[in-house]
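This one's a predicted model, so the numbers in the text were calculated from it and none came from an experiment. In each ligand, atom 1 is the first atom listed, and ligand 1 is the first ligand listed.
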Amino acid sequence: MIQISCKNVTLGYEGVAVVKDLNFEVSQGDYLYIVGENGSGKSTLIKALLHLKPPMSGEIHMDHSLLGGGIGYLPQQTIVQKDFPASVREIVLSGCLGRFGWRPFYGKKEKQTAMEHMEKLGITHLADRCYRELSGGQQQRVLLARALCATRSMLLLDEPAAGLDPEAMQEMYHLLEKLNREEKITILMVSHDIRAAAAYADHILHISEEPLFFGTKDAYIQSEIGRKYTGGMKHVGDA
Ligand code: ADP
């Protein structure tokens, strides 16, 4: 099932295009890496996918299950967020706000959903801890559990490995791979880590150079632009 389809989409600010003529599709269960250097328009595309910014031209079609907050979004961590004075449980629960609608108190269903995802990500024992006292890797797990509360089908992550030590980074990648393979959750990963893209992606969308590339990982690795950016990797294991 196709969940997102972008046709001839141009995005930009005040009439100036940033990303031109974007064409790609995302199917259920896909693992798509959106790669490109700083300033290439990755954040702009995130805003468009979250319906925070309409395209200048072209069309973005989404499956109706993704409309109205159905994408679980894991934003890039800011220093302010790292210092957030709330408990892990509260942060995870807040992910339910979009999906279950706003209410003055969290109900049984929300609490159950939050518990389920904390369990899945191995952070149940941290539920009452203050978010800002956790390690970077633990914080990312909390944000991932929060994003999972908002969706059953799609996660959109903005550089989730940025700032993590190599071990926590690997752990994050493995968790995402597991959610994708075992639970068929579609993953849209925005990153400039092209080597990780070559290791984990099914499809790659490269937006920093024209012509833009969209295709399978293997096609990317063999393409001119892919060879240039991955340094000619032949095997997934090279990443
Ligand atoms: P990336 O996420 O890949 O680093 P961005 O989407 O943040 O790239 O930025 C793409 C381009 O759009 C940059 O040239 C940036 O200066 C410009 N841009 C980003 N946000 C705005 C804005 N709010 N108004 C005008 N230009 C912007």
Side-chain angles (χ1 to χ4, degrees), residues 3-26 30-62 66 69 71-82 136 139-140 143-144 146-147 150-151 154-164 169 172-173 176 186-215 217 219-221 223-231 233 239:
Q3 291 180 301
I4 298 180
S5 155
C6 271
K7 290 209 176 92
N8 308 319
V9 168
T10 292
L11 304 169
Y13 299 88
E14 285 146 42
V16 180
V18 169
V19 188
K20 284 188 219 145
D21 213 15
L22 200 50
N23 285 285
F24 69 95
E25 284 181 344
V26 181
D30 240 345
Y31 197 141
L32 172 70
Y33 256 81
I34 300 169
V35 297
E37 285 152 17
N38 280 340
S40 59
K42 300 184 297 298
S43 308
T44 305
L45 176 56
I46 289 179
K47 287 180 209 159
L49 294 175
L50 293 173
H51 292 286
L52 301 173
K53 182 165 185 36
M56 286 166 66
S57 61
E59 285 174 32
I60 302 178
H61 289 290
M62 287 205 183
L66 297 177
I71 299 180
Y73 174 49
L74 197 150
Q76 214 174 99
Q77 279 228 65
T78 62
I79 287 165
V80 176
Q81 282 165 340
K82 274 186 192 301
Q139 288 187 337
Q140 282 300 61
L143 295 184
L144 191 54
R146 179 182 188 275
T151 187
M154 183 179 285
L155 287 173
L156 170 59
L157 306 107
D158 191 359
E159 299 279 6
L164 296 183
M169 192 188 284
M172 186 74 188
Y173 284 139
L176 292 172
T186 308
I187 304 224
L188 306 189
M189 169 73 94
V190 176
S191 174
H192 61 253
D193 187 348
I194 288 181
R195 299 209 143 231
Y200 295 104
D202 292 320
H203 289 93
I204 293 181
L205 174 65
H206 189 130
I207 62 171
S208 66
E209 226 175 84
E210 285 182 53
L212 310 182
F213 179 94
F214 172 66
K217 174 178 67 186
Y220 179 73
I221 290 172
S223 71
E224 201 173 314
I225 183 169
R227 280 205 307 269
K228 182 167 147 195
Y229 282 92
T230 60
M233 271 189 296

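Between Gly39 and ligand 1, at least one pair of N/O atoms sits closer than 3.5 Å. Ligand 1 has a nitrogen or oxygen under 3.5 angstrom from a nitrogen or oxygen of Lys42.
Using a 4.0 Å cut-off between a side-chain N of Lys or Arg and a carboxylate O of Asp or Glu, Lys42 and Glu159 do not qualify as a salt bridge.
Remark: atom 15 (C) of ligand 1 lies closer than 4.0 Å to no protein heavy atom.
Within the 4.0 Å heavy-atom shell around ligand 1 one finds Glu37.
Annotation: atom 9 (O) of ligand 1 to nearest protein heavy atom, Thr44 OG1, 3.9 Å. When hydrogens are left out, the protein atom nearest atom 2 (O) of ligand 1 is Ser43 OG, 2.6 Å; that is the closest non-hydrogen contact. Scanning the protein for heavy atoms near atom 24 (N) of ligand 1, the closest one is Tyr13 CD2, 3.3 Å.
Not a single donor-acceptor pair under 3.5 Å links the side chain of Lys228 to the backbone N or O of Ser223. A donor-acceptor pair under 3.5 Å is formed between the side chain of Asn23 and the backbone N or O of Asn8.
Distance check, rounded to the nearest 0.5 Å: OH of Tyr31 to CG of Leu188 gives 10.5 Å.
Less than 4.0 angstrom separates some heavy atom of Asn38 from each of these atoms of ligand 1: 4 (O). In summary, the atoms of ligand 1 found under 4.0 Å from a heavy atom of Ser40, numbered by their order in the structure, are 1 (P), 3 (O), 8 (O). The atoms of ligand 1 that sit less than 4.0 Å from any heavy atom of Gly41 are 1 (P), 3 (O), 5 (P), 6 (O), 8 (O), 10 (C). The ligand atoms of ligand 1 that sit less than 4.0 angstrom from a heavy atom of Val18 are 10 (C), 11 (C), 12 (O).
Taking all atoms of both residues into account, the shortest heavy-atom contact from Ala199 to Lys217 is O-NZ, 3.6 Å.
Taking the six-membered ring where the residue is Trp, Phe214 and Phe24 present tilted rings, their angle falling between 30° and 60°.
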(request) Decide side chain to side chain contact (heavy atoms under 4.5 Å, CB included) for Leu74 and Met172; before the verdict, give the C-alpha distance in whole Å, the side-chain angles of both, and the deciding distance to 0.1 Å. (result) CA-CA 12 Å; Leu74 197 150; Met172 186 74 188; 4.2 Å; yes

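Side-chain polar atoms of Tyr220 and Thr230 form no donor-acceptor pair below 3.5 angstrom.
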